[in-house]
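Here is the naming used below: chain letters follow the sequence lines, and residue numbers restart at 1 for every chain. From a predicted model like this one, the values you see are computed outputs, not experimental measurements.
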Amino acid sequence: MAQLLQHLINGLAAGTIYALVALGYTMVYGVLKLINFAHGDVMMVGVYMGYATAFALGREVRSSLVGVALIFAVAMLGCALLGFLIERFAYRPLREKPRLTALITAIGISFALSYGFQLDIGFLPGASPRAFPEVIEPREWIIIGDRDVVVWNWQVISFLIAVVLMVGLQYLVFRTRFGRAMRAVSWDHRVAALMGIPTDRVIALTFMLSSALAAGAGLLYAIKDTSVSPLMGLYVGLKAFVAAVIGGIGHVPGAVVGALVLGLVEEFVVGYAASTWRDAVAFGFLILVLLVKPGGLFGRVAAEKV
Amino acid sequence: METPALPVPESRSAIPPALRGVFPVLVALPVLALFQWALSESPFAVYLLSVIGVNIILAVSLNIVNGMTGQFSIGHAGFMAVGAYISGVMSLNLKEVALSFLPVAASDQVLFTVALLVGGLAAAACGFLVGLPSLRLRGDYLAIVTLGFGEIIRVVVQNTNAFGRALGLSGIPQYSSPYMVYFWVFIVVLAARRIAGSSHGRSLWAIREDEVAAEAMGVDTTGYKVRAFVISSFFAGIAGGLFAHFVPIINPGSFTFVKSMEIVVMVVLGGLGSTTGAIVAAIFLTLLPEGMRSLFNALGAEGSLAQKVDQIRMPVYGILLVVLMLSRPQGLFGTREIWDVLPRWLPRKRRGLS
């Protein structure tokens, strides 16, 4: 019983981090109908930015509140800039082209980033994983008995941050002018432009927001996993994407639910079966969900127009 | 959002008479023999020739799904893995067996062919399984499902004792020869060209251009998509089987997402829909790293640079994809074949009425 509870807690904690990454996918997909394959790699770049900042700050500063805030701020701003550049130079020129071309550039960007960061030329970090410095001092809170069920403070922190961001995003999308513009662009960007909405600016801002979210999520992931590697983006990104699709891509609460479900499924596979099957089960689950509900759990399948 | 896409080749622009029938085979066989003879001194060159052939089979077969049908599949390495492992295991088990009425070498080749076909059929069965979800999924969703399928195959292989788990299979008899590889290259090119020109192929092109419209015109879209998947993965399985029989060891690391992306880059560079484009791109992208390596070696740059070629290759592929999509989204050849392109700068005897 205690074991089950522990797995539940761990699964939910893993799920919240997937959820933060998945929100970025969902936002971009909602507005542009583009799967931003490079999202996970933007996250990876953000983690490296945070890593560099943490080292620049030094041991004393980085574990203070100011230090943590600074690390997150640098990584999120840097990633927002990176997201802007990617959107401006890789996706915007292709907006009127068939969707396949944008998907291919997204894959290209993803490859350039993740494998580019593996080179050990110049300032690039090289392929080997590095230990992420302890920016949030891990502390465990024992709930039941003698370490039967343990909750870590970073699990609580990431859960709270994820909930706040999700509610904030929901507010942004449905209660603000910018959100209304986003929804209009997502509905039909040409008509939105005719109505006086600066489509390009809305799309760029959406990209920046989603990239900043990715950086924040990546830092939480790195704090949990205590390691940084250039390929982390590919795998975390894929999982988060799977989560977004399970929930119904383009649907904000759906992404969160999908991520939590995925986190739980993975945790149970690792806990009760074998950890080597984790990735296969995640994708198998995705295929199963898509076969039963092609639009994901919360998504609707829109009729295609000719 | 949808915009008119690339033009579909005219059904009239058939293969020029010189390239029909047995003529190409009659030319290719002596050329291949010549290659084989010239390269017999260097096992590496023979190996390279085989790798090129396998990559051509992969690229041309992926082109049937990605290029002709417009179903973006990025899990081709998974099908290749199925073929490689199934045929590899078969050959390992049949190693001692020989058909008594044939000389040993011939019997080996017969068994090898059987193993290849079994591997190919197993991959085709997997292709059918992946094709089925495509009954309901489109575009990006299908891409992610194929990717997931490739990853699932990799994990399954990694956890199966019969497949040597993460260590892989070694000791597979090295039956493969450039003759065998290029025989299958010939078969896959023939199949791809025949499909492209047939009414079956017309349906595939229609699906590629607009699935909804194709369906409205009475094209059985799901049936054609599944069939395209099955054919494409059959050849990927064959390619995997050939690969397994000329490399010393196969392991799950040879069939990752990265391998799938290499094949996708070949198809995209050559032009989605162009068979000759896929061939040219496969040859070019296979030789490029080797060429760079020997160039760096010849320049006498520190050995490190030559070793870095493999590292640099993947980021360059990524940037190449982006630059291609931005500057020339139709790839080198678009949907055209090489004989549609040549006359522009080569004088041709008959240009018809125009």
Evaluate the side-chain proximity of [Y] to [X]: yes if any heavy-atom separation is below 4.5 Å, no if none is.
{"X": "B/L324", "Y": "A/T105", "result": "no"}
{"X": "A/I109", "Y": "B/I319", "result": "no"}
{"X": "A/Y115", "Y": "B/M261", "result": "no"}
{"X": "A/F37", "Y": "B/I74", "result": "yes"}
{"X": "A/I104", "Y": "B/V322", "result": "no"}
{"X": "B/L147", "Y": "A/F241", "result": "no"}

On a heavy-atom basis, which atom in [X] and which in [Y] lie closest, and how many Å separate them?
{"X": "A/F283", "Y": "B/G148", "value": "CD2-CA, 3.2 Å"}
{"X": "A/A90", "Y": "B/L326", "value": "O-CD2, 4.1 Å"}
{"X": "B/V258", "Y": "A/F111", "value": "CA-CZ, 4.3 Å"}
{"X": "A/G284", "Y": "B/I152", "value": "N-CD1, 3.6 Å"}

Considering only heavy atoms, which portion of [X] lies under 4.5 Å from any heavy atom of chain A: side chain, backbone, both, or neither?
{"X": "B/R154", "value": "side chain"}
{"X": "B/E151", "value": "side chain"}
{"X": "B/V264", "value": "neither"}

Within a 6.0 Å radius of atom CZ on A/R201, are there more than 12 heavy atoms belonging to other residues, nucleotides or ligands?
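No, the 6.0 Å shell around CZ holds no more than 12 heavy atoms from other groups.
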
Taking atom CZ as the centre, does B/F128 end up with more than 12 heavy-atom neighbours from other residues, nucleotides or ligands that are less than 6.0 angstrom away?
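Result for CZ/B/F128: open.
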
Just so I understand: if I count every heavy-atom pair under 4.5 Å between each of A/L34, A/I107, A/L286, A/V245 and chain B, which residue has the most?
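That would be A/I107.
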
Partners passing side chain to side chain donor-acceptor pair (under 3.5 Å) against A/D41 (at least two apart in sequence or in another chain):
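Partners of A/D41 under the side chain to side chain donor-acceptor pair (under 3.5 Å) test: A/S110.
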
Taking only residues at least two apart or on different chains, which pairs with a member in residues 85-105 of chain A satisfy ring pair (Phe, Tyr, Trp, His ring centres under 6.0 Å)?
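Residue pairs passing ring pair (Phe, Tyr, Trp, His ring centres under 6.0 Å), neighbours aside: A/Y91-A/F207.
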
Using a 4.5 angstrom heavy-atom cutoff, name the option from B/N159, B/L321, B/V145 with the most pairs to chain A.
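Sorted descending by pairs with chain A, the first entry is B/N159.
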
Quick one: pull up CD in A/Q118 and CD1 in B/I312 and give me the separation to the nearest 0.5 Å.
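Here the interatomic distance stands at 12.5 Å.
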
Under 4.5 Å from a heavy atom of chain B, the part of A/L113 involved:
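Contact with chain B involves no heavy atom of A/L113 at all.
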
So what's closer than 4.5 Å to chain B heavy atoms on A/L119: side chain, backbone, both or neither?
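When you check distances to chain B, atoms from both the backbone and side chain of A/L119 fall under 4.5 Å.
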
